[in-house]
Amino acid sequence: SSDLVLLTRHRRVRSTGVAAALQSGGACTLFAEAAGAAGLDLPTFAPTTKKRLRAALPHFASQNNPLDVTGQAAVETAMYVGALEALAHDPAIGIVAFDAFPPRLEGEGVWAAPVLEAVRRLRKETGVVFASVAMSPLAYSRAAKDFVARAGIPFLQGHRPATGAFRALLDAASTKERIAPDLPPHPARAEALRALRGRSGPVDEAVAASVLAAYGVKRPREAVVATPADAAKAARRLGFPVAVKALAPELPHKAKLGG
């Protein structure tokens, strides 16, 4: 989930204000609605921030929060970087959302590379939390997954999941005492990682069962078979009554197909 993506990278924020620098007025409107529903504070930018924004953006761009950096940002990346610089140095801002998507196709160039490089630098310099936020969920190719893994920045999909994740981060950061102490890794972690190595997305029930068993979660007696004859033999061996289920990672809701 978006909460986990964000919280695995960040646990602290320097202030509770949220800003967004997006490439269209429609995206800004949708983000503002989602932020309001999540109870986030979108503060007015400080006078010095507005001055820096006027210097970075076209004359027709506003200095409202969320900030519409206009569609030119994908072409004139220095302009986008200048806007993010201004937001990162606003003392009321602790989280900045921006839209810099990974490549959609194999071999596609990444226009946002200078923006992402600047974001990583600004995060270290200012302590501001940055997250790339897409307006809606995107299908990731292998190239996109590799890009996101290397980027070192949270990529969140959808304004409402993203603003919900910002809310979760702010709530976690404001908690003075953790509910649970820091614990060492579970002894079964290595075994679970081996079972999941090389996989992405949903896994089939047999793989999930092996991970659960490693952590001590009891499962009913079961067997994986490939033919009806093998299923009959396994049923007699396990003992009746038995249930037969389809086994495939692409069928997370088997009841829809009668399995």
Side-chain angles (χ1 to χ4, degrees), residues 1-20 22 30-31 34-35 37-41 94-103 112 116 119-120 123-124 127-205 207-217 249-250 252-253:
S1 72
S2 293
D3 293 16
L4 291 176
V5 170
L6 188 63
L7 288 170
T8 52
R9 293 192 178 275
H10 299 285
R11 289 299 180 93
R12 296 178 180 177
V13 290
R14 71 174 193 183
S15 57
T16 59
V18 177
L22 308 174
L30 293 173
F31 184 90
L40 300 179
D41 175 29
I95 301 174
V96 174
F98 65 105
D99 46 2
F101 309 132
L116 296 173
V119 162
R120 287 189 288 267
R123 182 182 59 189
K124 292 179 181 179
V128 168
V129 172
F130 285 88
S132 178
V133 177
M135 237 185 338
S136 59
L138 302 173
Y140 279 3
S141 65
R142 170 54 60 186
K145 291 179 181 178
D146 292 343
F147 175 84
V148 168
R150 294 193 307 268
I153 295 168
F155 284 79
L156 309 180
Q157 301 206 18
H159 288 174
R160 288 194 178 272
T163 52
F166 294 160
R167 178 75 271 160
L169 173 59
L170 291 169
D171 290 345
S174 65
T175 302
K176 295 182 179 179
E177 296 182 1
R178 296 189 178 187
I179 297 174
D182 289 329
L183 298 175
H186 193 280
R189 176 178 171 80
E191 182 180 348
L193 290 176
R194 283 194 296 270
L196 298 173
R197 184 174 297 144
R199 305 175 189 272
S200 64
V203 296
D204 63 43
E205 194 164 346
V207 174
S210 68
V211 174
L212 292 174
Y215 283 91
V217 178
E250 61 270 21
H253 303 292

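Numbering starts at 1 and runs along the sequence shown.
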message: So, applying side chain to side chain contact (heavy atoms under 4.5 Å, CB included) with F166, which one of D3, T16, V133 is it?
response: V133
Please give me the minimum heavy-atom distance between [X] and [Y], naming the atom from each residue.
X	Y	value
A173	V13	CB-CG2, 4.0 Å
S2	Q157	OG-N, 4.2 Å
L116	A100	CD2-CB, 4.1 Å
L6	A165	CD2-O, 3.5 Å
R123	F130	N-CE1, 4.1 Å
L170	S15	CD2-O, 4.3 Å

What's the spacing between [X] [atom1] and [Y] [atom2] if we round to 0.5 Å?
X	Y	atom1	atom2	value
R12	L169	CZ	CG	12.0 Å
D204	S210	CG	OG	8.5 Å
I153	F98	CD1	CZ	5.0 Å

L22 side chain reached by L30 side chain, heavy atoms, under 4.5 Å: no
message: Tell me if a side-chain donor or acceptor on R120 pairs with a main-chain N or O of A151 at a distance below 3.5 Å.
response: yes
- request: Give every residue pair that meets the side-chain hydrogen bond (donor to acceptor under 3.5 Å, both in side chains) criterion with at least one member in residues 163-173, sequence neighbours excluded.
  value: R167-D171
Taking only distance into account, with no hydrogens and no angle test, what donor-acceptor pairs under 3.5 Å do side-chain atoms of residues 184-192 form with protein atoms, sequence neighbours excluded?
unit_1	atom_1	unit_2	atom_2	d
H186	ND1	A188	N	2.9

